[in-house]
2 protein chains.
Amino acid sequence: MSMTSTDSNGALPRHYLKPCLLLLLAEGPSHGYELLEQVRRMGIKGAEPGGLYRYLRAMEKEEMVSSWWEPSQAGPARRTYVLTEYGRNGLNESVQSLRDVREILVTLLDRFDTLPTKVAVSRP
Amino acid sequence: MSMTSTDSNGALPRHYLKPCLLLLLAEGPSHGYELLEQVRRMGIKGAEPGGLYRYLRAMEKEEMVSSWWEPSQAGPARRTYVLTEYGRNGLNESVQSLRDVREILVTLLDRFDTLPTKVAVSRP
DNA sequence: GCCTATAGATGTATATTGTATCTATCCGGT
DNA sequence: ACCGGATAGATACAATATACATCTATAGGC
C-alpha cells in the first residue's frame with residue numbers, strides 16, 4: 001500500500017485502460033496518439049503516453065490487436081491498430097467483468113447512501 | 001503490463017478494497033478476519049488476508065482508522081478497528097471518485113452495447 | 001496430544017506504474 | 001536555412017503494488 005502521496009487519481013490503468021482501448025478499437029482502427037486523446041476524453045485522466053503505448057504493444061503481443069506503420073499527411077508516421085477477432089472476444093470478456101465491477105460499485109454506493117447520518121441531533 | 005497468466009481476476013484491490021473497508025467500518029467497528037469475509041461477500045473475490053491486513057495497518061498509519069486488541073470469547077484476540085473522523089472524510093472522497101468511475105463505466109458499457117454488430121448478414 | 005478454525009502478520013518474488021527521457025517528422029514563422 | 005512547437009512513438013528505470021506462501025498463536029473438539 002503506502003498511500004503515500006497523490007492518492008487522488010482516477011487512472012485505474014490495468015482494469016480500465018485495457019477494455020477502454022479494446023472498445024475504441026472495436027469502434028474503428030486508430031493509432032496511439034489519437035487513442036490517448038480519446039481515452040482522456042472518456043474521463044480517464046490518468047492516462048499517460050508511456051503506459052498507453054505499452055498496453056498497445058502488449059495487446060499486440062497477445063494478438064488482441066495488430067498494427068502497421070502508416071504515413072501521415074502531416075506529421076510523423078503512425079502505427080495504426082485494428083482489433084483482431086481474438087481481441088473482439090477479449091473485449092467481450094473484459095466487458096463482462098466490467099459489468100460485474102459495475103454491480104459491485106452500485107451496491108457499494110447504495111450502501112454508502114443509506115449509511116445512517118453521523119450525529120442525528122434530536123430536535124425537540 | 002505483460003498480462004501473462006491469470007488475467008481473469010475481479011480483484012481490483014487498490015481502488016476498491018480501500019473504499020470498501022472504509023464503508024464497512026462506517027457501518028460499524030469490525031476486525032480484519034470479519035472484514036475479509038464481508039469484502040468477499042460483496043463480490044470482491046480476489047481479496048486475500050495478506051493484502052487486507054496490510055491495508056488496515058496502512059490506513060491506521062494514515063489515521064483513517066484506529067484499532068485496539070480485544071479478547072475473543074472463542075479463539076485468538078482480535079484487533080478491532082473503528083473509523084476515525086478523518087477516515088469518514090476519506091470515505092466521502094473515496095466515494096466521490098467511485099461515482100466518477102461508475103460514470104465512466106456506464107458510458108463505456110453503453111458504448112459497447114451500441115457497437116455495430118459484427119457481420120450483419122443480409123438475409124433476402 | 002492432535003487437528004481444525006479463527007486471527008493476525010510478514011517475507012519475498014514478480015508485476016505494474018509513474019516519470020523522465022529520447023528519437024523523429026512536418027509545418028509555420030523569420 | 002534555422003528554430004520551435006505539435007505530432008507520434010518508444011524505452012529505461014526507480015518506486016510501488018500484488019499474489020502467494022508462510023509463520024505465529026489461541027481455543028475448542030475429539
Side-chain angles (χ1 to χ4, degrees), chain A residues 1-21 25 29-40 44-62 65-81, chain B residues 1-21 25 29-40 44-62 65-81:
Chain A
M1 250 268 117
S2 90
M3 298 161 163
T4 38
S5 46
T6 48
D7 202 328
S8 57
N9 57 24
L12 323 166
R14 106 159 137 303
H15 290 298
Y16 295 105
L17 193 50
K18 184 184 158 191
C20 196
L21 290 174
L25 288 174
S30 191
H31 57 96
Y33 198 83
E34 190 180 43
L35 288 165
L36 180 62
E37 296 189 328
Q38 289 182 284
V39 163
R40 280 175 172 161
I44 300 183
K45 302 202 303 186
E48 33 176 344
L52 190 126
Y53 287 117
R54 261 193 307 236
Y55 274 83
L56 286 171
R57 297 321 238 134
M59 288 196 292
E60 183 162 34
K61 215 174 295 165
E62 271 196 317
V65 299
S66 62
S67 75
W68 58 86
W69 283 104
E70 215 164 276
S72 170
Q73 64 289 20
R78 302 153 168 181
R79 181 169 286 279
T80 299
Y81 287 92
Chain B
M1 247 279 109
S2 88
M3 299 163 162
T4 38
S5 47
T6 48
D7 201 329
S8 57
N9 58 22
L12 322 167
R14 106 159 139 303
H15 290 296
Y16 296 104
L17 194 50
K18 185 184 158 190
C20 197
L21 290 174
L25 289 173
S30 190
H31 58 95
Y33 197 84
E34 190 179 45
L35 288 166
L36 180 63
E37 296 188 328
Q38 290 183 283
V39 163
R40 282 175 170 163
I44 301 182
K45 303 203 303 184
E48 34 175 343
L52 189 126
Y53 287 118
R54 262 194 293 244
Y55 273 83
L56 287 170
R57 297 320 239 132
M59 288 196 294
E60 183 162 34
K61 216 173 295 167
E62 271 196 317
V65 300
S66 62
S67 75
W68 58 86
W69 283 105
E70 216 162 274
S72 170
Q73 64 290 18
R78 300 153 170 180
R79 182 169 287 278
T80 298
Y81 287 92

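Residue numbering restarts at 1 for every chain, and letters A, B, ... go by the order of the sequence lines.
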At what distance, to the nearest 0.5 angstrom, does CG of A/Leu56 lie from CG of A/Leu17?
8.0 Å

If I take atom CD in residue A/Gln38 and atom C1' in nucleotide D/dA8, what distance separates them, rounded to the nearest angstrom?
15 Å

Once hydrogens and angles are ignored, does a donor-acceptor distance under 3.5 Å link the base of C/dG11 to the side chain of B/Arg54?
yes

Please report the distance, rounded to the nearest Å, between CD in A/Glu70 and C1' in D/dA8.
14 Å

Salt bridge (Lys or Arg N to Asp or Glu O under 4.0 Å) against A/Arg57, all qualifying residues, sequence neighbours excluded
A/Glu60

Interatomic distance, CD@B/Glu48 vs CZ@B/Arg54, rounded to 0.5 Å, equals 8.5 Å

What is the distance, to the nearest angstrom, from the CD atom on A/Glu48 to the P atom on C/dT19?
6 Å

Toward the 5' end of DNA chain D, by each residue's nearest nucleotide, A/Gly75 or A/Pro49:
A/Gly75

Whole angstrom is fine here: how far is it from NZ in B/Lys18 over to P in D/dT18?
12 Å

Given D/dA8, C/dA7, C/dA9, which nucleotide is nearest the side-chain atoms of B/Tyr33?
C/dA7

Starting at CH2 of A/Trp69 and ending at C1' of D/dT7, how long is that distance when rounded to a whole Å?
12 Å

Which of C/dT17, D/dG28, D/dA25 is nearest the side chain of B/Ala74? It is D/dG28

Look at all strands and tell whether A/Gly51 reaches a base, only sugar-phosphate, or nothing, counting heavy atoms closer than 4.0 Å.
nothing

Side chain to side chain donor-acceptor pair (under 3.5 Å) partner of B/Ser67, chosen from B/His31, B/Arg79, B/Arg78
B/Arg79

Does the side chain of A/Arg79 get closer than 4.0 angstrom to OP1 or OP2 of D/dA8 through an N or O atom?
no

Would you say B/Arg78 places a side-chain N or O within less than 4.0 Å of OP1 or OP2 belonging to D/dT26?
no

Nearest-Å distance for atom pair CG/P, residues B/Leu52 and D/dA19:
12 Å

Distance check needed: D/dA8 P versus A/Leu36 CG, whole Å only.
11 Å

Please report, rounded to the nearest Å, how far the P atom of D/dA8 is from the CD atom of A/Gln73.
8 Å

Among B/Leu25, B/Leu36, B/Leu21, exactly one meets side-chain contact (heavy atoms from CB on, under 4.5 Å) together with B/Ser30. Which residue is that?
B/Leu25

Quick check on D/dG9: is either OP1 or OP2 less than 4.0 Å from any side-chain nitrogen or oxygen of A/Tyr53?
yes

